[in-house]
Amino acid sequence: MENKRINGNDLLALGYDENSALGVALQINKKRLGFTREQMLAYFSAVLANPEAYLEDAIFKTLAQELLKQDELEASYIALKEEGHYEIYGEEHIEEGAKQQMQVAMTLPVSVAGALMPDAHQGYGLPIGGVLATSNAVIPYGVGVDIGCRMALSIFDLPAAYLTEHSDALKKVIMQTTKFGAGQGFQKGDRASHAVLEQDTFAMNDLLRSLKDKAWAQLGTSGGGNHFVEFGVIAFEQTDADLGVQAGEYLALLTHSGSRGLGATLADHYTKLAKQLCKLPYKAQHLAYLDLGTAEGQEYWMAMNLAGDYASACHEVIHEKVRQQLGAERLAKVENHHNFAWKEMWNGQELIVHRKGATPAAKGVMGIIPGSMASPGFLVRGKGQMESINSASHGAGRLMSRTKAIKTLAAADLKAILNDQGITLMGAGMDEAPMAYKDIHTVMAAQQDLVDVLATFSPKIVRMADDGSRED
DNA sequence: ATGTCC
């Protein structure tokens, strides 16, 4: 006990802030230097109280310097508010880190309202599953790295039985029409065309001009991680007049992917720009924002919208290729993005609503909330709940990190689940195994006030990027 | 999530 290591929490308890001085203190602590834990803690406390006195100290000099530098910097930062209230759905299943991140986001001077969805987990800056409404400012990390990432569902005029009767053919269709993985794109002769490539925004600046060719090559590709293309059965218990689909079970295609290299590069560029222009205290630095009244803010807005349109085009290319190969007719299509910022009216004012891993759920708005490769997804219609800022979850949410999933989950267990449910899986790593996700039914139960369920989608033939952590 | 360097 006596010699228990000093950690970051001990230093925070002494009054240290979450900044680089804390890091320097931990570096010094690593050396141990023959002091007891109590002696070390006494020193750290004394240096914090009076850094000037330690500027010549052989051991604590670097810490004293860093503390003084932080004091100086702090004075030049944009001040945060004391606190702000935000609504949480399914709180008992949300990790502490995600709540802390949301709390910090609420203290931005531009923040007006916030909400945390039941699938929330810790991210970079704003948590995944976080919704933040700001006044005339956009936060690149409030949108996320994969700008415009979305779900798209096509319901075909084919019966559910088509899946079992033509399973091999459908497998072939997916393999022939999709391309997965970081950096992947199509060779010149195989590239698709789409009106999005003609958008003027591609000529807005050098960065966008330089990204156009890659965007063309990657048009209609799917990326890695949790992105997927899957065939499944969609079941409507009742006829949906709005959508024009009769009660029954149909073959459907569900895809999840985003704006590929284009969006990633734009997100990286504008996040750095925001950090240069908007100096926030250490704990909030990733939430740097761009004022929409500035040229930089407008530029990001244009770029973000282009990336959104591009992500949509990628899905449309895949869906159209598949539809043609099936020789089928599409009865209905539903699409929704979940990494984006919108100008929306909320509580009588126009705000910038950031949804980072959250589904738009304004009254009557349709969306898709997937479970996992081996659990159902849901076609939903928003209820327009003001407290959730017209939002819902974008999936089940992770139960364990990718690394933990790869380390602890057994490939044999996944195989058993897939066999039991008659699901064919192509690609994917163990980090995408259903056991790595929260129970989708629990998550849906936590957002009954936010969405109505129209139909249930059961995945049957799933393709994801192959990361090598699983053998087929 | 991306794809090879602030």
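Heavy-atom basis, side chains included; hydrogens, waters and symmetry copies ignored.
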Is it the case that R398(A) places NZ or CZ above or below the six-membered ring of Y437(A), under 6.0 angstrom from the centre and within 45 degrees of the axis?
-> yes
When we call it a touch if two heavy atoms are under 4.0 Å apart, what does [X] touch: a base, just sugar-phosphate, or nothing?
X: D268(A); answer: nothing
X: Q276(A); answer: nothing
X: K275(A); answer: nothing

For atom [atom1] of [X] and atom [atom2] of [N], their distance in whole Å:
X: H394(A); N: dA1(B); atom1: NE2; atom2: P; value: 8 Å
X: L211(A); N: dT2(B); atom1: CG; atom2: P; value: 14 Å
X: Q184(A); N: dA1(B); atom1: CD; atom2: P; value: 16 Å
X: Y124(A); N: dA1(B); atom1: OH; atom2: P; value: 16 Å
X: H269(A); N: dC5(B); atom1: NE2; atom2: P; value: 17 Å
X: L273(A); N: dC6(B); atom1: CG; atom2: C1'; value: 15 Å
X: I147(A); N: dT2(B); atom1: CD1; atom2: P; value: 12 Å
X: Y270(A); N: dA1(B); atom1: OH; atom2: P; value: 23 Å

R260(A) vs dT2(B): side-chain N/O to OP1/OP2 distance below 4.0 Å |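 Checking dT2(B) against R260(A), a side-chain N or O does come within under 4.0 Å of OP1 or OP2.
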Within the structure, does a side-chain N or O atom of N339(A) lie under 4.0 Å from either OP1 or OP2 of dA1(B)?
-> no
Choose from dT4(B), dC6(B), dA1(B) the nucleotide whose nearest atom is closest to any side-chain atom of K272(A).
->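 Closest nucleotide to the K272(A) side chain: dC6(B).
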Side chains of L254(A) and F228(A): closer than 4.5 Å at any heavy-atom pair?
-> yes
Please tell me if the side chains of E344(A) and R355(A) come closer than 4.5 Å, counting only heavy atoms from C-beta onward.
->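 They are in side-chain contact.
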Answer yes or no: is there an ion pair linking R323(A) with E320(A), defined by an N-O contact shorter than 4.0 Å?
-> yes
Do side-chain atoms of S259(A) reach the backbone of Y310(A) as a donor and acceptor pair under 3.5 angstrom?
->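 Judged by distance alone, no pair lies under 3.5 Å.
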